[in-house]
S.K.: 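Submitted below is the structure of interest, expressed as structure tokens.
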Amino acid sequence: MQPADLTVLFMENAFGVSAHVYGPDTLTDRNATGPARRYLPVTRPLAQRGLETGVDFGADDYIVDAGLPDGSRLVISPEQSGHADDAPPDWLATHHSSPDDPELFEVVYDSRLDGPDSRNGGSVPKLLAAVDEHLDGLGVPSRQQVQAVREGAESALHRAGFIPVVRVHETHHRLPPAMVDPGERRVAVTRAVDYLRAGGYRFTCPADLIDHSLPPALPPARSLAQVSKTIAEAGHTRDAVDALSELTAPGDGVLDQVVGALHQTASWWEGLGGASDPHYAARLRYIADKADGYVREIRAMRGDLADRHTAHPGRPQPTARVTAGGPDARVLAALATSPASTRTLTGHPAEAVLAAPVAAVRAAGPRR
């Protein structure tokens with residue numbers, strides 16, 4: 001999956017500004033009603049690999065249909081024949097390489113009574129293991145690669161000052177509620193839009209949340225010494241959060257990269273062949289897992305600090321500020337804002353699904 005396969009939707013309402021990252025995985029869950037919900041254990045793992053999935057009615061029952069990047073299709077058909085009504089169905093998974101010839105296909109998995117995988121019966125994990133192996137052979141991105149693309153969008157929002165909100169069935173990002181100044185909100189949203197655009201991501205945003213008058217902003221590249229210096233001199237929580245985001249950004253932040261390097265070192269060390277090497281590798285993985293827990297805690301603390309959104313009483317304050325009467329152009333430029341190029345709707349499926357909420361938030365008008 002590529003960054004352009006995701007769309008970030010910005011919304012504003014009485015509670016503030018939020019950003020939602022939509023891709024095949026989130027849309028699959030959102031659209032899961034009726035028969036589609038019944039087959040979520042099959043469709044969700046496929047969508048997590050970046051595949052657009054659907055549940056259609058076939059010759060005898062509903063089937064799972066997933067489109068592959070090369071234009072071919074993977075069809076998974078459940079079969080109930082020969083079993084009690086309450087028994088899990090057997091599975092037949094076929095790869096159809098030609099949309100014009102339905103008879104041209106390859107059997108990927110067959111656990112029907114007379115199939116080569118009949119010993120597995122209705123096991124969904126066995127079905128998915130065979131399907132994953134087939135998709136790996138076709139070069140379809142792994143779940144880890146797809147997750148890395150999603151983390152790129154989340155990192156852009158994080159570095160622009162947004163805070164993650166994790167719920168049972170949904171994750172989105174929002175600006176601090178205390179950020180009530182319209183000019184300051186435009187600064188944050190515009191910067192997020194610039195970061196997303198630089199990474200190749202698509203987005204939809206109400207026009208009045210973006211300031212078109214200033215040059216593009218790129219994600220900052222700070223050394224750790226610069227991060228420390230910025231935090232030491234920060235006169236506002238906004239400035240400290242901006243610097244701290246270099247460490248806590250998901251995926252490409254310094255702390256996540258350190259944890260990833262430790263895990264990679266453990267895997268490398270394990271293969272050295274010495275008698276004590278597995279012990280050192282296991283110990284290093286344990287340390288990496290502990291460190292990952294601390295990283296998540298630090299990221300949550302960064303979110304709490306962002307929500308404070310207040311001046312530091314013990315630090316000198318800048319003489320210029322964004323005011324409720326309107327942003328000063330020089331202040332906005334110093335705060336790293338956005339491009340002047342025109343943006344349009346992308347045509348991503350998420351836009352159609354969410355068109356009504358967006359229209360309710362803002363009157364129809366030009367978007368970029």
Side-chain angles (χ1 to χ4, degrees), residues 1-2 5-6 23-151 169 263-264 267 270-271 349:
M1 187 171 74
Q2 302 300 316
D5 295 323
L6 293 180
D25 51 345
T26 48
L27 290 174
T28 294
D29 281 1
R30 186 182 181 92
N31 295 331
T33 58
R37 179 165 294 279
R38 174 184 172 189
Y39 292 111
L40 268 180
V42 176
T43 58
R44 183 184 287 125
L46 296 176
Q48 288 171 347
R49 296 196 65 155
L51 305 182
E52 293 188 7
T53 64
V55 177
D56 304 311
F57 195 77
D60 301 312
D61 198 351
Y62 288 97
I63 61 172
V64 174
D65 191 346
L68 305 188
D70 62 0
S72 61
R73 308 201 70 79
L74 181 71
V75 176
I76 301 177
S77 307
E79 282 217 0
Q80 198 73 44
S81 58
H83 293 278
D85 291 340
D86 58 349
D90 300 329
W91 300 99
L92 172 65
T94 53
H95 179 201
H96 298 255
S97 55
S98 174
D100 300 325
D101 187 355
E103 301 300 323
L104 183 62
F105 62 86
E106 173 187 358
V107 175
V108 176
Y109 182 84
D110 186 358
S111 67
R112 296 176 299 179
L113 289 178
D114 57 348
D117 305 297
S118 59
R119 64 188 180 280
N120 298 329
S123 170
V124 172
K126 294 289 187 181
L127 163 69
L128 293 175
V131 168
D132 277 337
E133 183 179 357
H134 184 74
L135 295 177
D136 290 342
L138 296 175
V140 175
S142 67
R143 292 181 184 86
Q144 292 75 19
Q145 291 171 318
V146 171
Q147 179 60 25
V149 174
R150 173 174 287 276
E151 286 179 345
H169 299 296
H263 277 294
Q264 190 61 50
S267 297
E270 193 172 39

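Just so it is clear, the model here is predicted, and its values are computed rather than measured. For the single chain, residues carry numbers from 1 onward in sequence order.
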S.K.: In chain order, what residues pass the salt bridge (charged side-chain N to carboxylate O under 4.0 Å, His left out) check against Arg112, with sequence neighbours excluded?
M.R.: Glu79, Asp110
S.K.: Taking only residues two or more places apart in sequence, or in another chain, which ones meet Glu270 in a salt bridge (charged side-chain N to carboxylate O under 4.0 Å, His left out)?
M.R.: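 Here the qualifying residues are Arg285.
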S.K.: Work out which heavy atom in Gly122 is nearest to a heavy atom in Asp90; give both atom names and the distance.
M.R.: N-OD1, 4.0 Å
S.K.: Shortest non-hydrogen contact from Arg49 to Val140?
M.R.: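 Nearest pair, atom of Arg49 first, then Val140: NH2-O, 3.0 Å.
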S.K.: Got a second to check how far Leu138's CG is from Asp70's CG, nearest 0.5 Å?
M.R.: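 It is 6.5 Å, given to the nearest 0.5 Å.
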S.K.: Taking all non-hydrogen atoms of both residues, which atom of Ser72 and which atom of His95 are closest, and how far apart?
M.R.: OG-NE2, 2.8 Å
S.K.: Leu46 and side-chain contact (heavy atoms from CB on, under 4.5 Å): which single residue from Thr53, Asp132, Asp65, Leu68 fits?
M.R.: Thr53
S.K.: Under a 4.5 Å cut-off applied to non-hydrogen side-chain atoms, are Trp91 and Lys126 in contact?
M.R.: no
S.K.: Quick check for you: to the nearest 0.5 Å, what is the distance between Leu74 atom CG and Glu106 atom CD?
M.R.: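 The CD atom of Glu106 is 10.0 Å from CG of Leu74, to the nearest 0.5 Å.
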S.K.: Is Tyr109 close to Asn120 at the side-chain level, that is, under 4.5 Å between some pair of heavy atoms?
M.R.: yes
S.K.: For the CD1 atom of Ile63 and the OG1 atom of Thr94, what is their distance to the nearest 0.5 Å?
M.R.: 8.0 Å
S.K.: Any idea which heavy atoms bring Gly23 and Leu6 closest together, and the distance?
M.R.: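 That would be CA-CD2, 3.4 Å.
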S.K.: Please report the interatomic distance CZ(Arg150) to CD(Gln145), rounded to the nearest 0.5 Å.
M.R.: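 Taking CZ in Arg150 and CD in Gln145, the distance rounds to 15.5 Å.
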S.K.: Looking at every heavy atom in both Pro78 and Tyr39, which two are closest together, and how far apart are they?
M.R.: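 So the minimum-distance heavy-atom pair works out to CG-OH, 3.3 Å.
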S.K.: Would you say the side chain of Pro141 lies within less than 4.5 Å of the side chain of Leu135, judging by non-hydrogen atoms?
M.R.: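 No; the side chains remain at least 4.5 Å from each other.
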S.K.: Identify the heavy atoms of Leu51 and Pro69 that sit nearest to each other, and give their distance.
M.R.: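 Scanning both residues, the minimum pair turns out to be CD2-CD, 4.0 Å.
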